[in-house]
Structures are given as C-alpha cells and as structure tokens.
Number of protein chains: 2
Amino acid sequence: MLSPTEENYIKTIYALEIGAKKRVSTNLIAEQLETKASSVTDMIKRLAEKDLLVYEKYRGVKLSPNGKKMAARIVRKHRLWECFLVDKLHFSWDEVHDIAEQLEHIQSEKLTEKLASFLDYPSVDPHGDPIPDKFGNIIEVKQIPLATLEEKEESVLLGLKDSSDDFLKYLNKKNISLGKKIKVISIEPFDRSMEIELNNQLLSITEAVAKNLLVKER
Amino acid sequence: MLSPTEENYIKTIYALEIGAKKRVSTNLIAEQLETKASSVTDMIKRLAEKDLLVYEKYRGVKLSPNGKKMAARIVRKHRLWECFLVDKLHFSWDEVHDIAEQLEHIQSEKLTEKLASFLDYPSVDPHGDPIPDKFGNIIEVKQIPLATLEEKEESVLLGLKDSSDDFLKYLNKKNISLGKKIKVISIEPFDRSMEIELNNQLLSITEAVAKNLLVKER
DNA sequence: GATTATTTTTAGGTCTGTCTAAAAAAATAT
DNA sequence: ATATTTTTTTAGACAGACCTAAAAATAATC
Ligand SMILES: [Mn+2]
Ligand SMILES: [Mn+2]
Ligand SMILES: [Mn+2]
Ligand SMILES: [Mn+2]
C-alpha cells in the first residue's frame, strides 16, 4: 500500500521515462513535482527499498517492472475518472485534471473495474491519452502532429501533445475538440502558420498550435 | 483546508454528539477512531485552534458552528458517493462504506454538486440515512424501530439503526432491503421475537433485529 | 471526606514528508 | 588536466500524525 505522495512520485517518473531514453534525474523529478531535489533523494531511496525503482547514486532512477505496473494502474484510474467527469458529470475537459489527481488515489480494484464497465471501457481519456488496461498494457494509437501534414491533406484530431489549462482553454475558445475532422487548406511558408478547415469554417493557427494537435496517421 | 485525518475527527465528533446531550469525551472519540486518547488530545487541541470545536481540558469537546458545517459537508459527500456506488456502479450496500470513507475526502464543491445532480438529488443513502443539503441542513424523516409496532400493524422499511457489515450481510441473506413493506404477524411474548410478512413470505426475526430495523412512523 | 479507580493530559519518541544549507560528485569549460 | 559550474547527496530541522508510559485531574466508592 503506497501513500498518495509515493504514488505521485511513481506516476511522475513513469511519465518522465516515456520517450526519455536514459534514467530519470533527481532534478527533473523535483521540477515536475514542484519540490526540492533533496526531498526527491529521500523519497527515491524509500521507493528503491520497496523495489519500485532502481536507483544508483548520482545516476538517476528507472522504474522496476513492479513500479511500472503500479504506475500504469494509477494512470488507468486517473484517465477513467477523467472520462467519468466529462462523460457522466458533464465537466469540461479543462476542469477535470485536478479532481482526477485526487481520485486516482482511491484504493479499490473493484471500484476501478466497475467504473471502467460503467463507462463502457473507454480506450482514451478526454484529452486523447490512452487508458491502460487492468494489466497495465497500453494500446498506443499512432498519432502525428498536425504540423507534419501537407497542404490539402486531411485527418481527424485524436489527441493533444500539451494538455495544459491554457491550451485547453484556447481550444475551447476556437471550438476545437477531439474527434473532429481537420483539413489543411494552406501553410504560410514565412512562419509555418496554417489555414485549416474545421466545423465547416476556416481557422488560422500558429505552428506552435499545429505541433500540439495530434491527428490520425495517414 | 483540512487533512483527511482532521476531517475524520470532525465527522466522528459530529456523529457522536447527535443524541448525546453532553460534550463528547476524549475516550469516546479515541474508541470510535480506533486510536489512543493521547492522540485525540493532540488533535482536538489543533481543531480547537482552527475554531472547528470548543475544547475545555478534562471537559470534552463540542463542534463549533463552523465545525458542524464542515462535518455536514463530509457526511453529504460520503452518502452521495454511497448512492453513486450502489445506484450507478451496482455495488451491494454492504460494500460501499469503506470506499465512501475515501471518496468523502475529495475536495471539489463543483464535483459534489454535479454528483448530486447526476444522482437526481437523493434524500437518503443506501442505508436509509439522510443526506444533508449543500448548506448542511438535514431533513430527518421520522423513523421508528420495527420492534415498537404491535401485532397486525404494517409499515415500510426506511432505515437501519446499525449498518455494520454483519447486519447488512444478514439482511442480504434474508432478502430484506429498504423500501419493502413489512407486516407484523405475531410477537412472541417470551422473547419478543417477531413473525413478519415480507416479500409475501413469513419470516421470523429476533428482537435485536427488530430494534435495528427502522420503519415509517404511523 | 479520604481512598480508589477511571479518565484525561503531558512528556517524550517514532515515522513520513518536507525544507535549507553545506558537502560531495559529476559535468563542463578553459 | 585543472578549474569552474551544475547536479546530487548529506546533515540537520520541523510539522503532522501517531505511539507508550507516567503524571495529573476527575469521578466513584467506602
Ligand atoms: Mn495525484
Ligand atoms: Mn487526461
Ligand atoms: Mn474518511
Ligand atoms: Mn451509509
């Protein structure tokens, strides 16, 4: 049985080591968790003791198979609760993260599975992120940044690279949501900004935005 | 912002001072929370500091108006979540208490209200206990023990005096659940055990059981 | 009313999770 | 290869939530 704090460490390390090839550094974890490097050192020692990660002084950490399983379970709960909040309670996608951050720590296998069933086993959360199954396996649907499409190409918006509050609010304002069809009308060579068609309307977006919108692979 | 532990203390004191006329004693709280009297002394000092209760050395505590409001909010969340677990996720009424014990500490006004709306503003939880409204007011429906009824009287089962696991499991076994019509067929003068009609069947229950079943007042 | 028994509080520890400041190791620059 | 900068760890402290054992206050009994 892990404390919510321990779970947050495990989850954070899990997220940090996706993509990053090498072991996760103390400072990175500290930054992510908005705490001090010394606190991180304390905690990772304890987590290593519990066999949730492998730690070598000055060399950073990586999750053990055990730790990975734990992390996936927490992520599963987080994303299932986000689905619940949006689909059943009609929260908007920019309101659910902080609440799910609490709900992900509720301890009950049975609750998680009944919740998944109640939601009809969704495969992605409201931000397009994949939901691990009960064994911790993730079926990643290949998503590419909208910015990689050429003029005249079209695709479907499936996910977001950045799910920050500001970005979600921007998308709300522009009426951009997951599942919508997007067609690239033109790309401005000067700044790589894009003219796109969405909701049968023309919309101009910066390259930064286009890089954060993930669409279905051709 | 209170910690889950502080919230559990407040909620426990709230429950203990219902009925009990005098201030709640240190030992009673300790017993209820399965902790030591010295720990209780520590905590009630802190809660008094935060103006959630009034504490006089050796004289016990009583909740302040502030503390009462907090307590009612926690109870509201606990019982709403129990409704959710039973009505939406199809848990049985004997499985929900421990999970609600965790969920009651989730901090989000908006979540609580959206949950209440999603459940169509239930007035009682799966054990027949009243759900405070968002201002902390409770509409107590008068309930009397089945044991007070006379032969040939009938009523409806509305609540339980004791919601312990063992009692709930007993009720499951006998197929007794809230909302059912109960008719007293006969009362045995020797031990006050009762013959009752329920689900169109005859059933014999001890006086202890009859005292724990609460029915609608005549 | 003095003597017990019970309840409650205090004193002093432990464990978790955090912090700051200082020391040590590793990475980078010269 | 040395010196400097950056990262990481250690040392020591503190607050919250708990514990046991002892002391103090209150309640019960004779
Ligand atoms: Mn969290
Ligand atoms: Mn999400
Ligand atoms: Mn609780
Ligand atoms: Mn209940």
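All chains are named by letter (A, B, ...) in the order of the sequence lines, taking the proteins before the strands, and each is independently numbered beginning at 1. What you see is a predicted model; the values in this text were computed from it and never measured. Excluded from the calculations below are hydrogen atoms, water molecules and symmetry mates; all remaining heavy atoms, backbone and side chain alike, are included.
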J.: OP1 or OP2 of D:dC19 less than 4.0 angstrom from a side-chain nitrogen or oxygen of B:T35, does that happen here?
T.: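 Answer is yes, contact under 4.0 Å.
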J.: Answer yes or no: is there an ion pair linking B:K11 with B:E104, defined by an N-O contact shorter than 4.0 Å?
T.: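 Here B:K11 pairs with B:E104 in a salt bridge, since their nearest N and O are under 4.0 Å apart.
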J.: Would you say A:S38 places a side-chain N or O within less than 4.0 Å of OP1 or OP2 belonging to D:dT9?
T.: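 So the side chain of A:S38 is outside the cut-off, no N or O lying under 4.0 Å from OP1 or OP2 of D:dT9.
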J.: On DNA chain D, compare the nucleotides closest to B:E34 and A:E56; which residue's is nearer the 5' end?
T.: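 Mapping each residue to its closest nucleotide by heavy atoms, the 5'-most match is A:E56.
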J.: Could you check which of C:dG17, C:dT9, D:dT7 has an atom nearest any side-chain atom of B:T41?
T.: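 Of all the options, the side chain of B:T41 is nearest to C:dT9.
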J.: Between A:Y55 and D:dT8, is there a side-chain N or O to OP1/OP2 distance below 4.0 Å?
T.: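 No.
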J.: Ring centres under 6.0 Å, that's the criterion: do B:H97 and B:H78 meet it?
T.: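 Here the rings of B:H78 and B:H97 have centres that are less than 6.0 Å from each other.
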J.: Is the charged tip of A:K88 near the ring of B:F118: under 6.0 Å from the six-membered ring centre and within 45° of its axis?
T.: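 No, A:K88 and B:F118 do not form such a contact.
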J.: In whole angstrom, give the distance that lies between atom NZ of B:K22 and atom C1' of C:dT7.
T.: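 To the nearest whole Å, that distance equals 12 Å.
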J.: Let me know the distance between CZ of B:R59 and C1' of D:dA25, rounded to the nearest Å.
T.: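 After rounding, the gap between these two atoms is 9 Å.
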J.: Taking OP1 and OP2 of C:dT18, is either one under 4.0 Å from a side-chain nitrogen or oxygen of A:Y9?
T.: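 So the side-chain polar atoms of A:Y9 do come within 4.0 Å of the phosphate oxygens OP1 or OP2 of C:dT18, strictly under.
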J.: Would you say B:S39 places a side-chain N or O within less than 4.0 Å of OP1 or OP2 belonging to D:dC19?
T.: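 For D:dC19, OP1/OP2 do have a side-chain N/O of B:S39 under 4.0 Å.
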J.: Rounded to the nearest angstrom, tell me the gap between atom CG in B:L33 and atom C1' in D:dG16.
T.: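 Taking CG of B:L33 and C1' of D:dG16, I get 15 Å after rounding.
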J.: When you look at CD1 of B:I18, are more than 12 heavy atoms from neighbouring residues, nucleotides or ligands closer to it than 6.0 Å?
T.: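 Yes, because the 6.0 Å sphere around CD1 of B:I18 holds more than 12 heavy atoms from other groups.
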J.: Which parts of residues 42-50 of chain B get close to DNA chain C, meaning a heavy atom less than 4.0 angstrom away?
T.: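 Correct list: B:K45.
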J.: Give the ring-plane orientation class for A:F167 versus A:Y170, where under 30° counts as parallel, over 60° as perpendicular and anything between as tilted.
T.: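 It falls in the parallel class, under 30°.
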J.: Atom CG of B:L2 and atom P of D:dG16: how far apart are they, to the nearest Å?
T.: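 Atom CG in B:L2 sits about 13 Å away from atom P in D:dG16.
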J.: Using whole Å, what does the distance between atom P of nucleotide C:dT6 and atom CG of B:L28 come to?
T.: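 Distance, rounded to whole Å: 17 Å.
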J.: Are there more than 12 heavy atoms of other residues, nucleotides or ligands under 6.0 Å from atom NZ of A:K114?
T.: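 Yes, NZ of A:K114 has more than 12 neighbouring heavy atoms, counting only those of other groups under 6.0 Å.
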J.: So, is the end of the A:K45 side chain (NZ or CZ) under 6.0 Å from the ring centre of A:Y55 and within 45° of the ring's axis?
T.: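 No, a cation-pi geometry is absent between A:K45 and A:Y55.
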J.: Quick check on D:dT20: is either OP1 or OP2 less than 4.0 Å from any side-chain nitrogen or oxygen of B:K36?
T.: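 For D:dT20, OP1/OP2 do have a side-chain N/O of B:K36 under 4.0 Å.
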J.: Using whole Å, what does the distance between atom P of nucleotide C:dG17 and atom CD of A:E7 come to?
T.: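 From A:E7 CD to C:dG17 P: 11 Å.
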J.: Roughly how many Å is it from CD in B:E6 to P in D:dC18, rounded to a whole number?
T.: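 Spelled out: CD on B:E6 to P on D:dC18 is 10 Å.
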J.: Centroid separation under 6.0 Å, is that true for the rings of B:F84 and A:F84?
T.: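 Yes - the distance between ring centres of A:F84 and B:F84 falls below the 6.0 Å cut-off.
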J.: When you measure from the side-chain N and O atoms of A:N27 to the phosphate of D:dT8, is any distance below 4.0 Å, counting only OP1 and OP2?
T.: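 Yes, because at least one side-chain N or O of A:N27 sits under 4.0 Å from OP1 or OP2 of D:dT8.
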J.: What's the OH-P distance between A:Y58 and D:dT9, to the nearest Å?
T.: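 It is 6 Å, rounded to the nearest whole Å.
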J.: So, does A:T5 get its side chain near the phosphate of C:dT16, meaning an N or O under 4.0 Å from OP1 or OP2?
T.: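 Negative; the distance criterion is not met.
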